[in-house]
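Some notes on the structure that comes next.
Because only heavy atoms are used, hydrogens play no part in the values below, and waters and symmetry mates are left out as well, while side chains stay in. Read the numbers this way: they start at 1 and go in the same order the structure lists the ligands and their atoms.
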Amino acid sequence: MRVDILTLFPEMFESPLGHSILKRARDNGLVDIVLTNIRDFAKDTFRKVDDKPYGGGPGMVMMPGPLFDCFEHVQNLSPEKGRTILMTPQGQKFDQKKALELGAEKRLILIAGRYEGLDERIRIGLGAEQISIGDYVLSGGELAAMVIIDAIVRLLPDALGDEDSAKDDSFSAGLLEYPQYTRPEVFRNMKVPDILLSGDHAKIAEWRRQQALERTKKWRPDLLNENDKNEKDKG
Ligand code: 6GU
């Protein structure tokens with residue numbers, strides 16, 4: 001899969017993309033992530049990409065010209081048309097289901113803009129879908145783009161060392177994760193549940209399912225309602 005990112009701050013992506021699972025996925029060719037600086041498409045000698053809002057008001061607005069030129073350049077870097085996504089708090093809320101859906105695409109083009117700042121003609125002209133990572137405002141779409149890339153890439157086949165670890169994730173089954181333990185058996189008077197030491201794999205699986213269900217009821221009951229709704233939608 002190929003992911004293009006259009007941003008004014010490509011350096012922000014270096015560390016998250018250069019470590020751990022994302023680094024390995026890139027090194028192994030599972031995902032090709034290409035950063036393009038929108039400022040390289042500014043037309044004047046000051047490399048200006050934003051201007052004052054028509055009608056007045058605080059802040060600056062991202063100009064449509066450089067972004068359109070940048071987008072057209074990026075789109076032509078590969079024959080695959082791709083799915084274009086504008087990172088914005090006005091977008092559809094991103095979740096695990098969306099991560100799976102986007103992970104099935106051959107190409108994504110993510111545009112990381114600034115909040116008080118996209119000329120409306122960018123949204124309309126590019127016909128981009130809009131995605132938000134939650135109901136709060138970030139200073140720009142960069143962090144949000146990194147969040148969705150991380151969530152998508154770790155779901156790609158072979159991105160994780162252990163084949164099964166993504167399937168068992170929180171949310172994949174619509175439930176929170178069951179509690180995990182490792183050595184030592186007793187830590188500060190807290191003991192690992194006996195069942196996990198029993199070697200009875202069927203009983204362990206049933207215990208884990210039960211724990212996941214209880215924790216979801218207690219901490220995120222909204223997820224259970226969400227699952228019920230999805231079941232009803234299916235008929
Ligand atoms: Cl995608 N962008 C910005 N600027 N703020 C956000 C967001 C995105 N998602 C939540 N808050």
Within a reach of under 6.0 Å around CZ of Phe46, are more than 12 heavy atoms found that belong to other residues, nucleotides or ligands? no
Does Glu101, at its CD atom, have more than 12 non-hydrogen atoms belonging to other residues, nucleotides or ligands within less than 6.0 Å? yes
Number the atoms of ligand 1 from 1 as they appear, then name those within less than 4.0 Å of a heavy atom of [X], with their elements.
{"X": "Ile131", "result": "1 (Cl)"}
{"X": "Ser132", "result": "1 (Cl), 9 (N), 10 (C)"}
{"X": "Ala144", "result": "1 (Cl), 8 (C)"}
{"X": "Ile133", "result": "9 (N), 10 (C)"}
{"X": "Met87", "result": "1 (Cl)"}

Gln90-Thr88 side chain donor-acceptor pair, cut-off 3.5 Å: yes
Is the shortest N/O to N/O distance between Tyr136 and ligand 1 below 3.5 Å? yes
Any Gly140 heavy atom less than 4.0 Å from ligand 1: yes
Where on Asp135 is there a heavy atom closer than 4.0 Å to ligand 1, on the side chain, on the backbone, on both, or on neither? neither
Mind checking what makes side-chain hydrogen bond (donor to acceptor under 3.5 Å, both in side chains) contact with Gln210, not counting sequence neighbours? none
Closest candidate by heavy atom, reference atom 4 (N) of ligand 1, pool Val147, Leu143, Leu138: Leu138
Who pairs with Phe41 by ring-ring contact (aromatic ring centres under 6.0 Å, His included), at least two apart in sequence or on another chain? His73
Taking 4.0 angstrom as the limit, do Glu120 and Arg123 come out as a salt bridge? yes
Show the nearest heavy-atom pair for residues Cys70 and Thr36, with the distance to one decimal. SG-CG2, 3.8 Å
